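Here the structure is laid out as structure tokens; the discussion comes afterwards.
On a predicted model such as this, the values are computed, not experimentally measured, just so you know.
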There are 2 protein chains.
Amino acid sequence: MRRSKKERQERLQKTIQENPFVTDEELAQEFSVSVQTIRLDRMELSIPELRERIKYVAEKNMQDEVRSLPIEEVIGDIIDIELDKSAISIFDVKKEHVFTRNGIARGHHLFAQANSLAVAVINDEMALTGKAEIRFTQPVKEGSRVVAKAKVIRSEKGRTIVDVSSSVGSDLVFRGEFSMFRAQSAEKGKKDETGN
Amino acid sequence: MRRSKKERQERLQKTIQENPFVTDEELAQEFSVSVQTIRLDRMELSIPELRERIKYVAEKNMQDEVRSLPIEEVIGDIIDIELDKSAISIFDVKKEHVFTRNGIARGHHLFAQANSLAVAVINDEMALTGKAEIRFTQPVKEGSRVVAKAKVIRSEKGRTIVDVSSSVGSDLVFRGEFSMFRAQSAEKGKKDETGN
DNA sequence: TCCGATATTAGGACTAGGTACTAAAAAACA
DNA sequence: TGTTTTTTAGTACCTAGTCCTAATATCGGA
């Protein structure tokens, strides 16, 4: 089923995007063309070779400042973090996050952003949410950029209180106080402040 | 600075763990031994070659990436509902819902199940979460089936209090009180819009 | 229908970063 | 000292490419 060059290249791009681990050989079979054609296509589309693609994906994964939560497991993008102190993440509200009927973001996405930021800010192997008191102060519409700011309020043996405020522009849309359990209560009394 | 084989291998292991992108060539220089020695060491320690290591890291990343997306898809199946009274949903905790590190369900999934059930139980065109007070009483492991039960506590004009309790077997794992805003225009008859 | 442009395929030489293997030299030890 | 372990060297081969040249196929227009 060979189609035009243009169509093949479009499909090629999509295929590789979905599965960066595919070889030229496999693509050639998939599109019933020669390996050389695939390579020409890749060049025209400036798609790097398999190993470079894999490396890129792997490198993205390694930029892991966050201890208690791999960065990809955070909802929203962390733009700043000071472990055990504060963190900021942004989350762009897209079509898939809103109620189709009114275009308002479903609450659990805002919660997820805030909650995962609360987990991320904790400088520990493990952190779990114990309690939370939250408030959705204003509806958030599709297309909005929600900025969540987490602040560690206090920390006692195995428990940390994190406050998260989320805003769109200057409007507060969400606030929550999270009581987080943490894995190793490294501190008994006064702990050494080395941080590492 | 060449030391014993044992020490070199220990340091080798650590070095590769910290930076999986290092080649045998570079390691050979670092430890002032030949490339072949590094290869023997890797074999003895069963450390795969650079490309395999990179691939592994990249694959882990891909899994996590698709993992943080499907939150908007299914947040439990509603198995019973009596509009404006009560509802029950079940949610099977799978690999994609847990922290890779410890296999415990991420809080926002339990919240999402509860929250969307709270939305669903309301017999109205539109329902938004205003406030919530929630408590994660026990960690939920991968493979668990969480049953959430929502109960409408009271309902005033434009405001409804819904209580949701989630359990695994006989153990309560989550409780939340949701204060929901509802649209005044009560258009009845349609019961779908589950909040997913 | 033929012509020229574009697209595709084939092949060779070379690359990185290896595996798998053999063989020899060096170091450690008893 | 002799033996065992460790290290090094070198060869052939692999994958998944790059870069380049050259031949063939296919398509659109006069």
Side-chain angles (χ1 to χ4, degrees), chain A residues 1-65 70-72, chain B residues 1-69 95-96 100:
Chain A
M1 307 307 102
R2 302 164 68 161
R3 312 253 178 122
S4 76
K5 184 182 177 179
K6 201 176 152 191
E7 195 193 316
R8 186 190 57 237
Q9 293 195 339
E10 277 166 14
R11 288 154 60 90
L12 185 84
Q13 196 144 37
K14 247 176 78 182
T15 306
I16 293 179
Q17 196 145 44
E18 275 167 28
N19 170 209
F21 301 92
V22 68
T23 63
D24 288 358
E25 187 72 51
E26 289 165 340
L27 289 164
Q29 279 198 272
E30 165 118 22
F31 294 104
S32 311
V33 291
S34 68
V35 184
Q36 284 79 355
T37 302
I38 296 294
R39 289 181 179 160
L40 283 172
D41 285 347
R42 269 200 301 104
M43 253 178 242
E44 283 174 26
L45 300 167
S46 330
I47 298 172
E49 63 167 285
L50 169 69
R51 289 154 185 159
E52 289 307 311
R53 298 195 300 263
I54 291 182
K55 204 173 159 187
Y56 175 76
V57 174
E59 267 164 357
K60 237 179 25 186
N61 197 22
M62 281 284 113
Q63 292 159 6
D64 197 344
E65 298 173 79
I71 203 141
E72 339 56 55
Chain B
M1 308 303 106
R2 302 163 70 159
R3 311 252 178 125
S4 76
K5 185 182 177 181
K6 203 177 151 190
E7 196 192 317
R8 187 190 56 237
Q9 291 195 341
E10 275 166 15
R11 288 154 62 91
L12 185 84
Q13 197 143 37
K14 246 175 82 181
T15 306
I16 294 178
Q17 197 144 44
E18 272 165 30
N19 170 210
F21 301 92
V22 68
T23 63
D24 288 358
E25 189 73 49
E26 290 164 341
L27 289 164
Q29 281 198 271
E30 165 119 20
F31 294 103
S32 310
V33 291
S34 69
V35 184
Q36 283 79 356
T37 302
I38 297 296
R39 287 180 183 162
L40 281 173
D41 285 347
R42 271 203 298 101
M43 256 177 238
E44 282 174 28
L45 301 167
S46 330
I47 298 172
E49 62 167 286
L50 169 70
R51 288 153 186 160
E52 289 307 310
R53 296 194 302 262
I54 290 181
K55 205 173 160 188
Y56 174 77
V57 175
E59 267 165 357
K60 232 177 40 185
N61 195 23
M62 288 307 281
Q63 278 174 25
D64 288 338
E65 209 147 288
V66 289
R67 219 170 264 181
S68 48
L69 294 178
K95 204 164 31 222
E96 60 264 34
T100 40

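- The shortest side-chain heavy-atom distance between B:D24 and B:L50 does not fall under the 4.5 Å cut-off.
- With distances taken from any side-chain atom of A:S34 to the nucleotides C:dT9, D:dG17, D:dT8, the minimum falls on C:dT9.
- Map A:Q36 and A:V22 each onto its nearest nucleotide of DNA chain D; the residue landing nearer the 5' end is A:V22.
- The phosphate of D:dA16 (OP1 or OP2) has no side-chain N or O of A:R39 nearer than 4.0 angstrom.
- Atom NZ in A:K55 sits about 17 Å away from atom P in D:dA16, given to the nearest Å.
- Between B:I47 and A:I38, the residue anchored closer to the 5' end of DNA chain C is A:I38, taking for each the nucleotide with the nearest heavy atom.
- Looking at heavy atoms from C-beta onward, A:I16 lies in side-chain contact with A:V22 at the 4.5 angstrom threshold.
- Between A:R42 and D:dT18 there is a side-chain polar atom (N or O) within less than 4.0 angstrom of OP1 or OP2.
- Rounded to an integer number of Å, the gap from A:F21 CZ to D:dG17 P is 13 Å.
- Sequence order on DNA chain D of the closest nucleotides to A:D24 and B:Q9 puts B:Q9 first from the 5' end.
- Rounded to a whole Å, the CD1 atom of B:I54 is 14 Å from the P atom of D:dG17.
- Regarding contacts with the backbone of C:dT9, a side-chain N or O of A:T37 is found under 4.0 angstrom from either OP1 or OP2.
- Rounded to an integer number of Å, the gap from NZ of A:K6 to P of D:dG28 is 14 Å.
- For the pair B:R51 CZ and C:dA16 C1', the computed distance is 6 Å after rounding to whole Å.
- The A:K5 side chain lies nearest to C:dT8 when the options are C:dT8, D:dT18, C:dG18.
- Residue A:K55 holds its NZ atom at 6.0 Å from CD1 of B:I54, rounded to the nearest 0.5 Å.
- Looking only at side-chain heavy atoms (C-beta outward), B:E10 and B:K14 stay at 4.5 Å or farther from each other.
- Put simply, CE on B:M43 is 15 Å from P on D:dT6, counting in whole angstrom units.
- A:L50 places its CG atom 7 Å from the P atom of D:dA16, with the value rounded to the nearest Å.
- From A:L27, atom CG reaches atom CZ of A:R8 across 11.0 Å, with rounding to the nearest 0.5 Å.
- Summarising the geometry, the separation between CD on A:E25 and P on C:dA10 is reported as 12 Å, rounded to the nearest angstrom.
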